[in-house]
Engineer: 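Handing you this structure, nothing more for now.
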Amino acid sequence: MSSTMKPPKGFAPMSCCWSTATMQKRLPFLAWLPDYTWHALKMDFIAGISVGLTVIPQALAYAEVAGLPPQYGLYSAFMGCFVYFFLGTSRDVTLGPTAIMSLLVSFYTFHEPAYAVLLAFLSGCIQLGMGFLRLGFLLDFISCPVIKGFTSAAAIIIGFGQIKNLLGLQHISRQFFLQVYYTFHNIGETRVGDAVLGLVCMVLLLVLKLMRDHVPPVHPEMPTGVRLSHGLVWTATTASQNNYRIDANQELLAIGLTNILGSLFSSYPVTGSFGRTAVNAQSGVCSPAGGLMTGALVLLSLDYLTSLFYYIPKSALAAVIIMAVVPLFDTKIVGTLWRVKRLDLLPLCVTFLLCFWEVQYGILAGTLVSMLILLHSVARPKIQVSEGPMLVLQPASGLHFPAIETLREALLSRALETSPPRSAALDCTHICNIDYTVVLGLGELLEDFHKRGATLALIGLQVPVLRVLLSADLKGVLYFCTLEEAEKYLKQEPGTQPYNGSEDSVPEHKIALLKA
């Protein structure tokens, strides 16, 4: 072979493109960084400052929710900014301490910072492993009613848990029901100064929220000062939620690595923040580079402001927390589910109620109820029955092994147990695949029909189902494209002779007889 011979046409470029695509998927910053502009830098700078001014007071407040000294909130607030720059798949999402995660941390760490740091490391290892194993699809099994029930209950637990700090009450239990009892029992011990300061802070935040609703949208042409002011208003008033379509596995990698590296700097577990993500988006962020400014701002506050944290009033932090979690309580979800699908109220209520006992039990129970509802629909699919020259049964959804007994009962009761027995057709239009148990069940049904002198025909088989039936080598299986063709064949009308052979020899719009 000549040394100048070229490789096959397209071989090198395909290999190069595949490698580049893989690298950009694993390190998303490689996709947007080459096209980064000066304008994007300015917008990210403003957004980074806005989020930084948000995360500093929130981190201090959320550390209180976690039962940790306030500085641990800031220890947890900067690592995600740097990691997400390299691994994040969304320009808006920010990682850091959140109200709900802080609540979960408080249940397991017993106010011990060392346990919180260990929890961050262990949870990071689990998340990183899930990301590498591509287990992000497991999140799809947590339904929206479960999430809404959990977040609404968490909002009440977190918000009411701050009433004691808002009123300056002492020695209040952290268990929710005991907390409610002792808060009202000790209401007479309220410190007027703390209560006034907390209420003033809440009113100020409420006023800023009303201002936000009347602030015009930000535009790149606006002066920097105007855009920064716009961001500051959003900073103090947003816990709103944006909808994002992101790579769940890549996000697991980003959050997992953030928790592992953060544990080296005394961080407790972190995750994506609803409120700060909304601040980021409304501030006009263009890329994850905005997080670099946020992280730098948090580090500066740790270096120069740590000594002042001691003097921050707990009532002021309580006001920040309460106003941050109020939007998490969805007041419309019950009415929406009542109109859309009332059965979804069951996992919502189970999750919501049990979360007041233990949050983790509420999530697990709600997910289990959702799974049972899903399995019930699989095991007991709705079957539409049509009367005519032939009895036609059409499963409204797929046909899986738990459902074969339901199908068998329907065919026996409506076709074979009548006098005389009737021939029937199974409309497989909505059946995309079948398993071995379904094949065995169909085989038994075919035998039952044959013994009673009736016929069971299959209509509208899709290619994957047809392939399985051919591989199973069932005896006497009739399948047709349409119901009309099945009726003609059963009447032995001319021009409807069956076809014998393999899958490749079966015409798409003709009937066939697999095995006589």
Side-chain angles (χ1 to χ4, degrees), residues 51 54-55 58-59 61-63 65-68 72-109 116-131 135-136 138-140 142 146-148 150-151 153-155 157-158 238-244 246-263 265-281 288 291 294-295 298 321 324-325 327-328 355 359-360 362-363 367:
V51 177
T54 306
V55 72
Q58 282 191 347
Y62 292 157
V65 176
L68 302 173
Y72 280 86
L74 292 183
Y75 294 160
S76 309
F78 65 87
M79 183 55 69
C81 301
F82 302 118
V83 172
Y84 204 80
F85 172 85
F86 297 100
L87 300 180
T89 59
S90 170
R91 67 182 183 181
D92 301 319
V93 172
T94 62
L95 303 183
T98 64
I100 294 178
M101 181 62 75
S102 300
L103 176 66
L104 294 174
V105 169
S106 69
F107 290 148
Y108 296 100
T109 57
V117 174
L118 178 60
L119 184 61
F121 177 79
L122 295 177
S123 61
C125 291
I126 294 173
Q127 290 165 330
L128 200 63
M130 292 178 65
L135 297 180
L138 293 176
L139 302 178
D140 298 336
I142 302 178
V146 173
I147 296 174
K148 291 294 185 179
F150 162 59
T151 55
I157 294 171
I158 294 171
T238 306
S240 60
Q241 304 177 31
N242 289 350
N243 295 320
Y244 294 96
I246 54 180
D247 185 342
N249 294 307
Q250 185 66 24
E251 293 297 297
L252 282 171
L253 293 175
I255 299 175
L257 188 60
T258 295
N259 282 321
I260 291 175
L261 296 180
S263 66
F265 296 89
S266 299
S267 167
Y268 67 83
V270 301
T271 187
S273 166
F274 286 147
R276 294 191 297 276
T277 294
V279 171
N280 211 18
T294 301
V298 173
I321 295 172
V325 300
L328 294 178
C355 278
V359 172
Q360 63 274 24
I363 298 174
T367 303

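Model, not experiment: these values are computed from the prediction.
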Engineer: In Å, rounded to the nearest 0.5 Å, how long is the span from CZ of Arg276 to SG of Cys81?
Structural biologist: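 Nearest 0.5 Å value for the CZ-SG distance: 8.5 Å.
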Engineer: When the aromatic ring centroids of Tyr75 and Tyr72 are compared, is their separation below 6.0 Å?
Structural biologist: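 Yes, ring centres under 6.0 Å apart.
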Engineer: What is the distance from atom OG of Ser76 to atom CE of Met101, rounded to the nearest 0.5 Å?
Structural biologist: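 Result: 10.5 Å between the selected atoms.
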Engineer: More than 12 heavy atoms of other residues, nucleotides or ligands under 6.0 Å from CZ of Phe121: is that the case?
Structural biologist: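 No, because the 6.0 Å sphere around CZ of Phe121 holds 12 heavy atoms or fewer from other groups.
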Engineer: Taking the side chain from Ser267 and the backbone from Ser263, do they hold a donor-acceptor pair closer than 3.5 Å?
Structural biologist: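 A pair under 3.5 Å: no.
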Engineer: Give, for atom CD of Gln360 and atom SG of Cys355, the distance between the pair rounded to the nearest 0.5 Å.
Structural biologist: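 That separation rounds to 8.5 Å.
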Engineer: Distance check, rounded to the nearest 0.5 Å: Phe150 atom CZ versus Ile157 atom CD1?
Structural biologist: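 Answer for the CZ-CD1 pair, Phe150 versus Ile157, is 8.5 Å.
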Engineer: Please give me the minimum heavy-atom distance between Leu95 and Gly80, naming the atom from each residue.
Structural biologist: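 Smallest interatomic distance, heavy atoms only, reads CB-CA, 4.0 Å.
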Engineer: Where do Ile260 and Leu128 land on the side chain to side chain contact (heavy atoms under 4.5 Å, CB included) test, with the steps shown first?
Structural biologist: CA-CA 9 Å; Ile260 291 175; Leu128 200 63; 3.8 Å; yes
Engineer: What do the steps show when you test Leu328 against Ile100 for side chain to side chain contact (heavy atoms under 4.5 Å, CB included), and what is the final call?
Structural biologist: CA-CA 10 Å; Leu328 294 178; Ile100 294 178; 4.1 Å; yes
Engineer: Measure the CZ-OG1 distance between Phe78 and Thr258 for me, rounded to the nearest 0.5 Å.
Structural biologist: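 Going from the CZ atom of Phe78 to the OG1 atom of Thr258 covers 11.0 Å.
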Engineer: Any sub-3.5 Å donor-acceptor pair from Asn249's side-chain atoms to Leu135's backbone N or O?
Structural biologist: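 It does hold such a pair.
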Engineer: When you measure from the side chain of Asn259 to the backbone N and O of Val270, does any donor-acceptor pair fall under 3.5 Å?
Structural biologist: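 Side chain of Asn259 to backbone of Val270: a pair is present.
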Engineer: Using side-chain contact (heavy atoms from CB on, under 4.5 Å) as the criterion, list what pairs up with Ala254, not counting sequence neighbours.
Structural biologist: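 By the side-chain contact (heavy atoms from CB on, under 4.5 Å) rule, Ala254 matches Tyr84, Leu87.
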Engineer: What is the distance from atom OH of Tyr268 to atom OG of Ser106, rounded to the nearest 0.5 Å?
Structural biologist: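 Rounded to the nearest 0.5 Å, the OH-OG separation comes out at 10.0 Å.
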Engineer: Kindly write out the residues that satisfy side-chain contact (heavy atoms from CB on, under 4.5 Å) with Ile142, not counting sequence neighbours, or none if the list is empty.
Structural biologist: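 Per chain and number, Ile142 pairs via side-chain contact (heavy atoms from CB on, under 4.5 Å) with Val146, Ile147, Thr367.
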Engineer: Hey, does the side chain of Gln127 reach the backbone of Leu257 with a donor-acceptor pair shorter than 3.5 angstrom?
Structural biologist: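 It does not hold such a pair.
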Engineer: Using the side-chain hydrogen bond (donor to acceptor under 3.5 Å, both in side chains) criterion, which residues pair with Thr94? Sequence neighbours excluded.
Structural biologist: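 None.
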